[in-house]
2 protein chains.
Amino acid sequence: MKHNRVTIHHVAKKAGVAISSVSRVLSNHADVSDDMRIKVEKAVSELGYEPDYLAQSLRKGATQTIGFMIRDITNPLFSIVAQSAEFELRKAGYSIILINSHGDSSVEKENFSLFKRRRIDGIIASLVSEDAAQTKSIINNLGIPIVLLDREIAGLKASAVICNHSIGVKEATSDLIKNGHKRIAFVSGMKDLLITRSRLKGFEDACTEGGIKIDPSYLRLGKFSEDYSYHEILDLFGSKKKPTAIVAGGIGASAGALRALKDLKLKVGKDVAFIAVDEWPMFDLLSSDLSSVYRDPDEIGRESARLILNLITGGPTSQAVVQTHYRKRTSSRRVLNG
Amino acid sequence: MKHNRVTIHHVAKKAGVAISSVSRVLSNHADVSDDMRIKVEKAVSELGYEPDYLAQSLRKGATQTIGFMIRDITNPLFSIVAQSAEFELRKAGYSIILINSHGDSSVEKENFSLFKRRRIDGIIASLVSEDAAQTKSIINNLGIPIVLLDREIAGLKASAVICNHSIGVKEATSDLIKNGHKRIAFVSGMKDLLITRSRLKGFEDACTEGGIKIDPSYLRLGKFSEDYSYHEILDLFGSKKKPTAIVAGGIGASAGALRALKDLKLKVGKDVAFIAVDEWPMFDLLSSDLSSVYRDPDEIGRESARLILNLITGGPTSQAVVQTHYRKRTSSRRVLNG
DNA sequence: TTGTACGCGTTATCAG
DNA sequence: CTGATAACGCGTACAA
């Protein structure tokens with residue numbers, strides 16, 4: 001196991017020139033003679049030399065690396081976002097370091113510190129919470145450009161990709177109402193997240209316009225987890241005022257709700273109407289033809305890449321808005337025994 | 001935007017000691033007085049100093065980084081593998097750089113070069129092909145420890161996580177035969193991959209033991225893509241000798257086949273029996289209760305992490321075998337009109 | 001036990 | 001236009 005790493009030093013020696021000249025040729029410096037260029041390029045290709053990122057980074061103060069922190073790469077939405085962001089960033093010469101936070105804000109804190117120590121050039125993050133004052137101060141003191149996914153934190157120097165959830169949810173809910181539904185349950189994550197408030201707003205607006213008074217017991221806004229959703233749905237259908245329709249905010253919520261309905265032997269689209277907010281792979285192979293509120297994960301990835309590159313090159317913080325829209329399928333139709 | 005990065009230099013000055021003493025304290029060197037330790041630790045915590053990975057890496061020749069190259073992070077199986085590998089590697093102090101190869105072997109080549117330039121300590125990779133002589137020589141010349149996922153390349157200094165596909169497929173196929181099926185189609189990826197050959201072996205063994213002669217036209221081994229599978233299934237059911245059962249090797253193959261059956265208005269588990277090799281999220285919410293050949297993606301991730309760490313610490317190359325097993329559900333039952 | 005000096009592989013500055 | 005040299009931030013022989 002010999003140290004056969006070939007450095008700029010070897011190239012210089014082989015070409016019979018100074019190290020700095022090699023560096024100049026390789027960085028396409030203007031003031032270099034054709035003769036020099038040829039000599040150096042010959043030595044480079046003969047030795048198969050490739051500049052070391054590490055040394056370059058140390059010298060230049062930039063690592064060409066983006067930290068991508070998400071709660072769960074297993075979430076199909078995030079994995080698409082990650083893929084598309086990676087694709088875009090790679091084109092710009094950046095690699096990404098992937099870190100799962102497992103939805104734990106203390107892990108998030110560690111990760112930020114890790115990013116700093118690794119001299120990451122920029123961060124794309126889907127954070128657990130929006131209200132953590134601590135997180136805010138950490139980010140502000142980090143000195144690293146950051147793009148937040150679907151989070152809005154006041155007083156934070158950060159760009160963000162925000163999805164316009166309210167529009168899609170409103171469309172979907174309005175359609176349910178138009179189909180005669182009056183008892184509509186809404187299951188989603190914590191109310192202190194923008195994403196939930198935004199969805200809730202769409203839901204409320206649709207109800208107001210449709211002349212429906214919202215029964216607070218139909219609002220189940222606690223966690224994004226499948227487990228939470230599962231039990232809330234069981235609870236709802238164990239009560240006297242069973243809903244005739246469900247709007248599930250997020251993949252976890254949808255999964256939990258669908259499992260609950262399955263266990264209750266209720267057929268989606270027949271016994272109960274259903275709207276899934278967000279889709280997942282092989283969505284169309286489910287037992288029921290689910291209506292959904294769709295947003296394009298690829299777009300989220302692309303936009304987050306664009307925003308972080310902007311920030312890195314000295315641009316101002318900004319927001320990108322990704323639209324959502326209602327995809328009507330059969331699961332939102334009128335329920336006969338409603 | 002001032003350079004307020006705090007270095008070991010600042011700590012030394014603040015503590016009134018030499019840089020090397022700070023370094024010694026931080027790396028828990030034996031010969032350091034309590035007095036010195038206290039002084040340094042005080043300065044460190046007051047300044048919030050954290051050693052720079054970059055400089056450490058350059059000095060030590062190790063980046064504490066693992067390159068994770070997969071064909072598609074969007075594949076739910078891979079995303080679980082990635083998550084679990086990341087979790088394990090993180091515990092050992094490693095971060096992972098995620099790279100998608102998009103199933104393109106020329107991108108793979110670039111990625112290897114990138115890994116080298118970034119001085120990655122180890123690689124975990126799911127390669128496109130096994131036969132590429134070029135890839136083999138690249139890897140062998142790379143000088144970086146590597147763990148291959150589900151690939152076996154002769155003459156390569158690499159560890160590997162291999163799944164025992166034949167067992168699960170054999171069990172599943174035998175069950176189909178026991179249920180009276182004789183015309184069983186098998187759709188999967190390229191035959192020159194170990195994974196395909198291994199599955200095929202299980203399939204053939206079951207047929208042999210069950211006294212079934214395999215009709216070559218039932219073997220559709222071309223690509224892992226959904227598209228390929230979709231068209232092959234359409235083709236099979238357009239022929240005279242329609243199969244009564246299908247074994248789909250891989251998530252893409254399963255998705256394509258299920259879509260084709262849906263378009264053909266054939267009900268899985270009723271009009272045709274079906275075995276999915278590999279599961280995916282919300283598998284149980286599909287329209288049919290699919291039997292499957294299961295392997296644990298978490299285990300694959302854990303094992304790959306273990307193997308690469310082994311290699312990095314100077315251990316010999318080795319293989320880990322992950323078992324598969326048949327999960328019997330209703331889709332493999334007897335088909336009435338078979 | 002502690003401090004000095006050098007090197008890891010580059011790039012940038014400054015003479016020549 | 002080219003060559004020597006000083007950083008970048010840290011670890012470690014070596015000397016004190």
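Note on naming: letters A, B, ... go to the chains in the order of the sequence lines (proteins, then strands), and numbering restarts at 1 for each one. Atoms considered below: every heavy atom in the structure, side chains included; atoms not considered: hydrogens, waters and symmetry mates.
Of the candidate nucleotides dT10(C), dT2(D), dG9(D), dG9(D) has the atom nearest to the side chain of D52(B). The nucleotide whose nearest atom lies closest to any side-chain atom of V17(A) is, among dG3(D), dG3(C), dT2(C), dG3(D). Comparing dT2(C), dG9(C), dG3(C) against the side chain of A18(B) picks out dG3(C) as the nearest. In this structure, of dG3(C), dT2(D), dC10(D), it is dT2(D) that holds the atom nearest to the side chain of D31(A).
The ring-ring contact (aromatic ring centres under 6.0 Å, His included) contacts involving residues 76-135 of chain B comprise F87(A)-H102(B), H102(A)-F87(B), where partners must be two or more places apart or lie in separate chains. Sorted by first and then second residue, the pairs that involve residues 304-313 of chain A and meet side-chain hydrogen bond (donor to acceptor under 3.5 Å, both in side chains), not counting sequence neighbours, are E303(A)-R306(A). Applying the side-chain hydrogen bond (donor to acceptor under 3.5 Å, both in side chains) rule to pairs touching residues 15-28 of chain A yields nothing, sequence neighbours excluded.
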Result block: side-chain N/O donor-acceptor pairs under 3.5 angstrom for residues 30-44 of chain A, not counting sequence neighbours:
unit_1, atom_1, unit_2, atom_2, d
S33(A), OG, M36(A), N, 3.2
K42(A), NZ, E46(A), OE2, 3.2

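Backbone-only engagement by R119(B) is indicated by non-hydrogen atom pairs under 4.0 Å involving sugar-phosphate atoms exclusively. Residue contacts shown for R37(B) are absent, as no nucleic acid heavy atom lies under 4.0 Å away.
Straight-line distance from the NZ atom of K39(B) to the C1' atom of dT2(C): 10 Å, rounded to whole Å.
Remark: R5(B) does not engage E50(B) in a salt bridge, criterion side-chain N to carboxylate O under 4.0 Å.
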Restricting to nitrogen or oxygen on both sides, can you table the protein-nucleotides 11-13 of chain C pairs closer than 3.5 Å?
unit_1, atom_1, unit_2, atom_2, d
dT11(C), OP1, Q56(A), NE2, 2.7
dT11(C), OP2, S23(A), OG, 2.9
dT11(C), O2, R59(A), NH1, 2.0
dA12(C), O4', R59(A), NH2, 3.3

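Remark: S57(A) pairs with no residue by the side-chain hydrogen bond (donor to acceptor under 3.5 Å, both in side chains) rule, at least two apart or across chains.
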